[in-house]
Chemist: 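Have a look at this one.
All values reported here derive from a predicted model rather than from experimental measurement.
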Amino acid sequence: HTKFKCDWSSDVCSSDLKRSRSTVQPGRRLLVADGSHPRRLMSTTPVRNEPRVGWSPARRSAWYHFEFYRQTWRGSVISNFLFPILYLGSMGMGVGHLVNAHAGLVEGHPYLDFVAPGLLAMTTMQVGSGESMWPILGGLKWTRNYHAAIATPLTPDDVLAGKVLFVAARMFFTGVVYLGVMLAFGVVTSWWALLLPFVGVLVGLAFTTPLIAFSSTLESDAPFALVQRFLLTPMFLFSATFYPISQYPAALRPVVQIMPLYHGVELSRSAAFGSGVWTAMLAHCLVLVMLTVAGWWWARRNFRRRLVL
């Protein structure tokens, strides 16, 4: 119970846990008494970035994920830094050179400028979906970290909010990195492009909350392969990311416009170019917000049902 409390909500438990280890391991001396903390008799070196008294429950829940990511971030360096360069280099400059040579500009822009905002939206979708499937099922069924969390003062709503806050922060950071790569490639031509990280968060949340809700209903990870194969991959290929919607057959265009990623791609291009019809941009935002809110409501309902005995 002490370990669970430490991971999620206690502001002094890290040192308490170290103290408890010192009393059960032979040969270790007792620590010097310290009366500055009324709840502890011994002192240790303070743990970095431990949650502070007065933090909201959702912030404490998010802190758990940030602390875990602080120890595992090296595994995402390639996806966060190298993939944007590879995507823009291969699609934007490699394929783009052929497109520019044979077809000229795409909707008035070089192909690299055209494809870069769509790749940002696609990448934030991948980050959000990756954090919303196996990690959620693992926390509910395999490692049961979320059950440990509600053994503290945290509620299922706090656990859900902390996870969503963490994923949103990851997507924002990914958007900032992608924007930096776009600047390095000379793609950015408008100050409105500074909104791209925020657009990326909105796009990612439109996938994150519904997928969290879906994952919280499962007992096996088998459906995740179907989601990747028949939902995320088709949207990656057929959401006007790599070529304009005018190039699709007329019968297929309404299907493309239903896809959530299409709205994210179009909104990202409007921000990157500093142009676009305001009514269309508002419509894109509305679709993404509605998906996020509906997914949040469904996920909240599922978390309460699954975590509250």
Side-chain angles (χ1 to χ4, degrees), residues 1-10 13-14 17 20-21 47 49-51 57-80 124-171 173-174 204-233 292 294-309:
H1 179 71
T2 305
K3 177 63 169 67
F4 297 153
K5 191 174 182 180
C6 171
D7 280 347
W8 291 92
S9 67
S10 176
C13 62
S14 295
L17 192 59
S20 66
R21 290 197 189 106
V47 177
N49 301 325
E50 64 180 3
R59 186 179 178 186
R60 288 174 177 269
S61 176
W63 170 84
Y64 165 80
H65 296 287
F66 283 113
E67 274 297 294
F68 183 81
Y69 186 69
R70 187 172 66 87
Q71 302 175 36
T72 60
W73 64 271
R74 294 172 184 82
S76 62
V77 168
I78 293 179
S79 61
N80 283 337
T124 55
M125 177 196 75
Q126 290 181 331
V127 171
S129 60
E131 288 284 352
S132 305
M133 292 190 287
W134 283 276
I136 298 298
L137 182 59
L140 290 171
K141 182 175 176 62
W142 299 326
T143 62
R144 299 179 70 85
N145 287 341
Y146 297 156
H147 293 82
I150 63 168
T152 73
L154 298 182
T155 66
D157 290 358
D158 298 327
V159 175
L160 174 62
K163 179 64 177 181
V164 173
L165 286 173
F166 166 72
V167 177
R170 273 208 64 191
M171 292 185 295
F173 177 73
T174 300
L205 287 178
F207 291 89
T208 297
T209 56
L211 285 174
I212 288 178
F214 173 69
S215 301
S216 60
T217 65
L218 302 177
E219 295 293 337
S220 167
D221 64 343
F224 293 153
L226 300 178
V227 171
Q228 293 275 11
R229 184 172 302 172
F230 297 109
L231 181 64
L232 299 180
T233 300
T292 301
W296 172 268
W297 175 84
W298 186 22
R300 185 184 180 197
R301 178 172 173 267
N302 292 343
F303 265 57
R304 287 181 175 182
R305 183 176 67 243
R306 191 145 181 180
L307 293 176
V308 178
L309 299 179

Chemist: For Phe66, enumerate each residue passing the ring pair (Phe, Tyr, Trp, His ring centres under 6.0 Å) test, keeping only those at least two apart in sequence or located in another chain.
Modeler: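 Per chain and number, Phe66 pairs via ring pair (Phe, Tyr, Trp, His ring centres under 6.0 Å) with Phe166.
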Chemist: Among pairs that include at least one residue of residues 208-218, which meet side chain to side chain donor-acceptor pair (under 3.5 Å), considering only residues two or more places apart or in two chains?
Modeler: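 Non-adjacent pairs meeting side chain to side chain donor-acceptor pair (under 3.5 Å): Ser216-Asn302.
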Chemist: Between His65 and Ser61, what is the shortest heavy-atom contact and its length?
Modeler: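 Heavy atoms only, the tightest pair is CD2-O, 3.3 Å.
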Chemist: Got a second to check how far Leu137's CG is from Ser132's OG, nearest 0.5 Å?
Modeler: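 Between Leu137 CG and Ser132 OG, I get 12.5 Å after rounding to 0.5 Å.
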Chemist: For Ala213 and Ala299, which heavy atoms make the closest approach, and how far apart are they?
Modeler: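 Nearest pair, atom of Ala213 first, then Ala299: CB-N, 3.4 Å.
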Chemist: If you compare all heavy atoms of Pro223 against all heavy atoms of Leu218, which two are closest, and at what distance to 0.1 Å?
Modeler: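 Closest heavy-atom pair between Pro223 and Leu218: CG-CD2, 3.9 Å.
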Chemist: Which residue pairs pass the salt bridge (Lys or Arg N to Asp or Glu O under 4.0 Å) test when at least one of the two sits in residues 221-232, sequence neighbours left out?
Modeler: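 Pairs touching residues 221-232 that pass the test: none.
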Chemist: In sequence, state the C-alpha distance, the side-chain angles, and the governing distance for Ile150 and Asp158, and then conclude on side-chain contact (heavy atoms from CB on, under 4.5 Å).
Modeler: CA-CA 9 Å; Ile150 63 168; Asp158 298 327; over 6 Å; no
Chemist: Can you name the residues that form a ring pair (Phe, Tyr, Trp, His ring centres under 6.0 Å) with Trp134, not counting sequence neighbours?
Modeler: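 Scan of Trp134 (ring pair (Phe, Tyr, Trp, His ring centres under 6.0 Å), adjacent residues dropped) gives Phe224.
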Chemist: Run the numbers on Met133 and Gln228 for side-chain contact (heavy atoms from CB on, under 4.5 Å), then give the verdict.
Modeler: CA-CA 10 Å; Met133 292 190 287; Gln228 293 275 11; 3.3 Å; yes
Chemist: Before giving the answer on side-chain contact (heavy atoms from CB on, under 4.5 Å), spell out for Leu160 and Trp296 the whole-Å C-alpha distance, their side-chain angles and the decisive distance to 0.1 Å.
Modeler: CA-CA 9 Å; Leu160 174 62; Trp296 172 268; 3.6 Å; yes
Chemist: Could you list all the salt bridge (Lys or Arg N to Asp or Glu O under 4.0 Å) pairs where at least one residue sits in residues 134-147, not counting sequence neighbours?
Modeler: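 Applying salt bridge (Lys or Arg N to Asp or Glu O under 4.0 Å) to every pair that reaches into residues 134-147, excluding sequence neighbours, yields Lys141-Glu219.
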Chemist: Kindly write out the residues that satisfy salt bridge (charged side-chain N to carboxylate O under 4.0 Å, His left out) with Asp157, not counting sequence neighbours, or none if the list is empty.
Modeler: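 Once residues adjacent in sequence are excluded, the partners of Asp157 under the salt bridge (charged side-chain N to carboxylate O under 4.0 Å, His left out) criterion are Arg300, Arg304.
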Chemist: Roughly how far, to the nearest 0.5 Å, is the CZ atom of Arg60 from the CG atom of Leu154?
Modeler: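 So the CG of Leu154 and the CZ of Arg60 are separated by 8.0 Å.
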Chemist: Taking Phe68's backbone N and O only, do any of them form a donor-acceptor pair with Thr72's side chain (distance below 3.5 Å, no angle check)?
Modeler: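 Side chain of Thr72 to backbone of Phe68: a pair is present.
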Chemist: For Gln71, what residues pass the side-chain hydrogen bond (donor to acceptor under 3.5 Å, both in side chains) criterion, not counting sequence neighbours?
Modeler: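 If we apply the side-chain hydrogen bond (donor to acceptor under 3.5 Å, both in side chains) test to Gln71, skipping adjacent residues, there are no hits.
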Chemist: Find the distance between OG1 (Thr155) and CZ (Phe303) and round it off to the nearest 0.5 Å.
Modeler: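 Rounded to the nearest 0.5 Å, the OG1-CZ separation comes to 11.0 Å.
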Chemist: Taking it one step at a time, do Val167 and Lys163 satisfy side-chain contact (heavy atoms from CB on, under 4.5 Å)?
Modeler: CA-CA 6 Å; Val167 177; Lys163 179 64 177 181; 4.0 Å; yes
Chemist: Ala62 and Leu165: which non-hydrogen atoms are nearest, and at how many Å?
Modeler: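 Heavy-atom minimum between the residues: CB-CB, 4.2 Å.
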Chemist: Applying side chain to side chain contact (heavy atoms under 4.5 Å, CB included), can you list everything that pairs with Ser220, at least two apart in sequence or on another chain?
Modeler: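 Partners of Ser220 under the side chain to side chain contact (heavy atoms under 4.5 Å, CB included) test: Ala222.
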Chemist: Could you measure the distance from the CZ atom of Phe207 to the CE atom of Met171? Nearest 0.5 Å is fine.
Modeler: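 Here the rounded value is 10.5 Å.
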Chemist: Under the rule for side-chain hydrogen bond (donor to acceptor under 3.5 Å, both in side chains), what residues qualify as partners of Ser129, not counting sequence neighbours?
Modeler: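 For Ser129 there are no side-chain hydrogen bond (donor to acceptor under 3.5 Å, both in side chains) partners, ignoring immediate neighbours.
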Chemist: Do the side chains of Leu140 and Leu307 get nearer than 4.5 Å, heavy atoms only?
Modeler: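 Contact flag for Leu307/Leu140 side chains = yes.
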